[in-house]
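Atoms within each ligand, like the ligands themselves, are counted from 1 in listed order.
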Amino acid sequence: MNKINDLVKKMSLEEKAALCTGASPWSTTPIESLGLPELTVSDGPHGVRRVADVSNMIAASLPATCFPTASCMASTWNVDLIHAMGQALAEECIALKVDVILGPGANMKRTPLGGRNFEYYSEDPYLAGQMAASFINGVQSKGVGTSLKHFAVNNQETRRLSISSEVDERTLREIYLPAFETAVKKAKPWTVMCAYNKLNGTYCSENHRLLVDILKDEWGFEGFVVSDWGAVHDRVTSLKGGLDLEMPGPRERRVTAVIEAVRSGALSQSVLDESVHRILEIVFKAAETSKGGSFDTAIHHALARRIAAEGMVLLKNNGILPLGDEKHIAVIGRAAKEAHFQGGGSSHINPTQVDNPFEELKKLAGDAELSYAEGYPMDDSFDQAMIDEAVKNVRAAKVALLYLALPESKESEGYDRPDLDLTPQQVALIKAVTAVQPKTIVILNNGAPVVMSEWIDGTAAILEAWMMGQAGGGAIADILYGKVNPSGRLAETYPLKLADTPAHINFPGGNGEVRYGEGIFIGYRYYDAKEVPVQFPFGYGMSYTTFVFKNPKVSAATFRDVDGLTISVDVTNSGQVAGKEVVQVYVHDHKSRLVRPSKELKGFAKVALQPGETKTITLELDFRAFAYFHPAYKQWITEDGEFDILIGASAADIRCTQTVTLQSTLELPSILSQESTVHDWMDDPRGRQIFAPLFQQITAQMQARFGGGEDDATGMDPMGFLMEMPLTELLYFQGSPQTKSPEEMVAGLLSQVFGADR
Ligand code: BGC
């Protein structure tokens, strides 16, 4: 600390300005005379994309392990595995001389059309937050830094460098920020990367409220904020807004702008010093880990295979899986021979090796005879002859395995998905194959949901294999042959059709902005509220065994919010093979002043069980598990009342419910105002006391006038009408002779509520 303070004092203005903009696309400015090394960063998030030449923005990168992308990682619901992956990534960073890996991404999957959804974890902020925190803790436990990105509300690629995400405060706090908040508080990432987009009209790179008020001051973030590559528009404004390091460099004009702004007084020296301080802290911290050496490619490949197998989700199985000793297998689909294991864009890894799904299958298929047909072309053109060839092979076989990958034109960084469909050729292929072979297993490689209603019924089984990383080909074989019992659970809902999705009428926006009209209702929160049927719910996934949940317990039937609650449940593997279950805990609030989702995930645990084995799972629910963000109080609040603790195997498969009573310890200030309705006055504890006598008078008058029934002239229930009127207006309406005006009367009541000083 002192060393850094001294250094900041010693540095010239020019040196400080230079430090705050990259020296190259991938490194910061070293200052030899001060003993300050450079800091090297690389993408992220599911592998190390260390370009061979850091002075080149798009240079080829060195070989590194391509782990499964975030969609698959999140579907493991296994925080320990993600931690292990973080450690492996750090080992590769060390070997490849990288100080900070640019990941993880913690944005919400607002719509399945998001082109970068494969790099993000979930539609649920709790799950995404746990995953991001575990990733960061894993990497940083080895002395390598992370960059939590893209902060914030970065949910689409359409106009990605300028779109303004228009989001109300409560939605921001409950949906789009919590994953970042959890990761920052639980794992202290060395850096946070700001998003390209604007938030409510202000670029995230210049957003003081986001970067300073919330991230640094409220959450206590101690590292530095780096721009997304090219996200800075005005360097001086961005420094004032809390953006410490601009990338990529070099950008001489930016450095000059900062120097001039300090000289002219347009930028205070202390703002620059703070950014310099933050960057120096991390540069020195990174230097403590010596770099170089090698990493164990075989061990990391094996880990990538484990993660892939644990993240793959068995969506449908009529009993055909795991495969037995089928002797004739028709393998169809070019993804069987050309593994589709990662997405396009900045996260693209140069893999150390790639498992060929067909070859891996052969290794486990024993003496079975495997035929192969490509089935569909590389792009989304149509070729009937390929379908005909596939059908011919399938007729001669006992079972068909269809390996289908979405083409890059349908999913990548840089543009959003045009639809949720497989290509027309792939759909036709499935239909043609399933028409002649009911034993058809579909294996999907994609980063986000596809719709299936047109073809699902004909299939015997479907495995969602995601963008599965370089070892995914082996992981598929492991699952098909039951070497691994599938235990992936969806981290996002699979809709029946695009028009059912929450953001459908508000995506991708226009005129430079996208309105988040669905508010807090994204993912299962939306489908629950609208009672929209889905193809597969959030949290869903099949296993080769079965699990029974029993004996749910809560630590107290009545509890204080600050004390939280401990939940436990016994889970038994009631089937014949070992397997893993994900215990999911959702919270349902019976009654709240503001509308809430009917359930929200607040805890989960993954448990491995031998056949017949039972384990007790214990989970803690804290204050935040029961709270919601109230925009008028500008804080997380709890309210007295009953909550259901829902313990289940998916958002649509709740196995046990415990009802508990929460006692709020909050003493909230009143939010009554001249605009408050009669209803508001009666809802407010202090307001009700003060207003009660007047309320009685008013209701007595109404009684006398309407006799407790309808108003003949309007056919209305006068009491219902009255409750929704602002009190001021009601007093006018009443027209009762008073010396004071209604405004004065309400002001008098308000001063009693708030005390004389208001
Ligand atoms: C992406 C970031 C990435 C950066 C550096 C940007 O275009 O949005 O996720 O880390 O490039 O490659």
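Atom CE of M57 is surrounded by more than 12 heavy atoms from other residues, nucleotides or ligands within 6.0 Å. Around the CZ atom of R254, the shell of radius 6.0 Å holds more than 12 heavy atoms that belong to other residues, nucleotides or ligands.
Inspection of the S55 and D53 side chains reveals an N or O donor paired with an N or O acceptor under 3.5 Å.
Partners of K186 according to the side chain to side chain donor-acceptor pair (under 3.5 Å) rule, which considers only residues two or more places apart in sequence or in another chain, are Q130. With sequence neighbours excluded, the residues satisfying side chain to side chain donor-acceptor pair (under 3.5 Å) with T65 are E92. When the side chain to side chain donor-acceptor pair (under 3.5 Å) test is applied to T352, the partners found at least two apart in sequence or on another chain are Q470.
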Check ligand 1 for N or O atoms under 3.5 Å from a protein N or O and list each pair with its distance.
unit_1	atom_1	unit_2	atom_2	d
ligand 1	7 (O)	Y196	OH	2.8
ligand 1	7 (O)	E413	OE2	3.3
ligand 1	8 (O)	R116	NH1	2.7
ligand 1	8 (O)	D228	OD1	3.3
ligand 1	8 (O)	D228	OD2	2.6
ligand 1	9 (O)	R116	NH2	2.8
ligand 1	9 (O)	K149	NZ	2.9
ligand 1	9 (O)	H150	NE2	2.6
ligand 1	10 (O)	D43	OD1	2.5
ligand 1	10 (O)	K149	NZ	3.1
ligand 1	12 (O)	D43	OD2	2.4

